[in-house]
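The chain is numbered in sequence order, starting from 1.
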Amino acid sequence: MHLTRPLQLLAVVLCAFVYAGCSSKEKASEAPPTPAAEPEKAAEAPSEPAAEAPAEAPASNIVVLTGSDQMQYNTKEIRVKSGGETTVNLTHTGSLPVESMGHNFVLLKQGVDMNAFAAKANAATQSGYIPEGDDIIAYTQVVGGGESTSVTFETPEPGTYQFLCTFPGHYALMNGTFVVEG
């Protein structure tokens, strides 16, 4: 049987399609499963129960505080959530040395008279301007221009507290409220 030239071409093209179809079925079986198939496998596979987070996970507060050569903190109020820990990261953004323009962060307990505390701190030159006693919740070391320091502490009970810089003469401008929200 003789086929005409157009019919021969048609037969070749059909054979090519059939061959391509068979070949792609083989490749499809080698291909990784589609995303729709993966969840089914994951659902069927036995897995260990996921560890659940506590219902009331403690808050983790991070405070970024800066102090400048103009004896100013970048904020007069800090707000944190109760529970867990609080980290205060203090950076001295100025350029003056610690001896002439040192800054720190001191968080006082509720009810402490800030003026009386600052007077005691002014005299505590040997301890980095941190007076003895139990008036303080947390504090950082004193840093100079371009330096940073931090302190991490248990967040106190909800309420309003005071913070200040205890470097001599700074507390008048460098102070604020530390609000712990319940």
Side-chain angles (χ1 to χ4, degrees), residues 35 39 42-43 47-182:
S47 63
E48 292 185 28
E52 294 196 24
E56 292 292 321
S60 179
N61 302 294
I62 299 182
V63 176
V64 176
L65 187 64
T66 63
S68 68
D69 284 343
Q70 289 73 39
M71 291 191 331
Q72 295 288 319
Y73 284 129
N74 62 317
T75 187
K76 288 283 193 180
E77 182 178 82
I78 297 171
R79 289 188 171 272
V80 298
K81 297 289 182 194
S82 64
E85 294 182 333
T86 296
T87 299
V88 175
N89 296 314
L90 172 65
T91 300
H92 189 315
T93 60
S95 59
L96 294 174
V98 68
E99 298 82 19
S100 62
M101 189 58 69
H103 297 316
N104 66 353
F105 165 85
V106 177
L107 180 61
L108 301 176
K109 291 182 178 178
Q110 287 182 322
V112 174
D113 180 306
M114 185 169 60
N115 293 323
F117 178 83
K120 290 191 301 185
N122 194 35
T125 57
Q126 297 301 319
S127 58
Y129 308 106
I130 302 298
E132 290 184 18
D134 63 347
D135 294 336
I136 298 173
I137 295 172
Y139 66 92
T140 66
Q141 68 182 25
V142 177
V143 293
E147 297 177 329
S148 295
T149 186
S150 67
V151 61
T152 299
F153 54 95
E154 288 297 316
T155 306
E157 295 297 315
T160 301
Y161 303 81
Q162 294 178 309
F163 68 91
L164 70 149
C165 174
T166 59
F167 193 84
H170 287 199
Y171 85 96
L173 295 174
M174 296 185 77
N175 66 74
T177 56
F178 187 93
V179 181
V180 180
E181 300 171 333

Between Ser68 and Thr93: side-chain donor-acceptor atoms closer than 3.5 Å: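 The answer is no; no qualifying pair exists.
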First locate atom [atom1] of [X], then atom [atom2] of [Y], and finally report the distance between them rounded to the nearest 0.5 Å.
X: His103; Y: Thr66; atom1: NE2; atom2: OG1; result: 9.0 Å
X: Ile136; Y: Leu107; atom1: CD1; atom2: CG; result: 9.5 Å
X: Thr166; Y: Ile130; atom1: OG1; atom2: CD1; result: 4.0 Å
X: Ile78; Y: Thr177; atom1: CD1; atom2: OG1; result: 8.0 Å
X: Leu96; Y: Gln70; atom1: CG; atom2: CD; result: 8.5 Å

Non-hydrogen atoms of [X] and [Y] that approach each other most closely:
X: Asn122; Y: Thr125; answer: O-CG2, 3.9 Å
X: Pro156; Y: Tyr161; answer: CB-OH, 3.4 Å
X: Asn104; Y: Gln141; answer: CB-O, 3.5 Å
X: Pro158; Y: Ser82; answer: CG-CB, 3.8 Å
X: Asn61; Y: Gly83; answer: ND2-O, 4.3 Å

Name the one of Val64, Leu65, Val63 that satisfies side-chain contact (heavy atoms from CB on, under 4.5 Å) with Thr75?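 The passing option is Leu65.
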Hey, can you tell me if Phe105 and Phe178 have their rings parallel, tilted or perpendicular (30° and 60° cut-offs)?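 The arrangement is tilted - the two ring planes meet at 30° to 60°.
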For Val112 and Gln162, run side chain to side chain contact (heavy atoms under 4.5 Å, CB included): C-alpha distance rounded to whole Å, both residues' side-chain angles, the deciding distance at 0.1 Å, then the answer. CA-CA 8 Å; Val112 174; Gln162 294 178 309; 5.7 Å; no
Without placing hydrogens or testing angles, list every side-chain donor-acceptor pair under 3.5 Å for residues 143-152, not counting sequence neighbours.
residue	atom	partner	partner atom	Å
Glu147	OE1	Gly144	N	2.6
Ser148	OG	Thr91	OG1	3.0
Thr152	OG1	Thr87	OG1	2.8

Apply side chain to side chain contact (heavy atoms under 4.5 Å, CB included) to residues His92 and Asp69 and explain how you reach the verdict. CA-CA 8 Å; His92 189 315; Asp69 284 343; 3.1 Å; yes
Can you sort out the partners of Tyr73 under ring pair (Phe, Tyr, Trp, His ring centres under 6.0 Å), two or more places apart, ordered by chain and number?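 Here the qualifying residues are Phe163.
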Does Glu132 have any salt bridge (Lys or Arg N to Asp or Glu O under 4.0 Å) partners at least two apart in sequence or in another chain, and if so, which?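 For Glu132, no residue satisfies salt bridge (Lys or Arg N to Asp or Glu O under 4.0 Å) once neighbours in sequence are set aside.
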Does Tyr139, at its OH atom, have more than 12 non-hydrogen atoms belonging to other residues, nucleotides or ligands within less than 6.0 Å?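 It does not: Tyr139 OH has 12 such atoms or fewer within range.
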Do the non-hydrogen side-chain atoms of Met174 and Gln72 ever get within less than 4.5 Å of each other?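 No - every pair of side-chain heavy atoms lies 4.5 Å or more apart.
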Using a 4.5 Å cut-off on heavy atoms from C-beta on, say whether the side chain of Thr155 contacts that of Lys81.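 Result no, sub-4.5 Å side-chain heavy-atom pair not found.
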Do Thr86 and Phe153 pass the side chain to side chain contact (heavy atoms under 4.5 Å, CB included) test, and can you show the C-alpha distance, the side-chain angles, and the key distance before you say yes or no? CA-CA 6 Å; Thr86 296; Phe153 54 95; 3.8 Å; yes
For Glu157, enumerate each residue passing the side-chain hydrogen bond (donor to acceptor under 3.5 Å, both in side chains) test, keeping only those at least two apart in sequence or located in another chain.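 Once residues adjacent in sequence are excluded, Glu157 has no partner under the side-chain hydrogen bond (donor to acceptor under 3.5 Å, both in side chains) criterion.
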Contacts of type side-chain hydrogen bond (donor to acceptor under 3.5 Å, both in side chains), residue Asn175, not counting sequence neighbours: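 With neighbours one apart ignored, the set is empty.
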Among residues two or more places apart or on two chains, list those pairs meeting side-chain hydrogen bond (donor to acceptor under 3.5 Å, both in side chains) that have a residue in residues 110-120.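 Residue pairs passing side-chain hydrogen bond (donor to acceptor under 3.5 Å, both in side chains), neighbours aside: Asn115-Tyr171, Lys120-Asp135.
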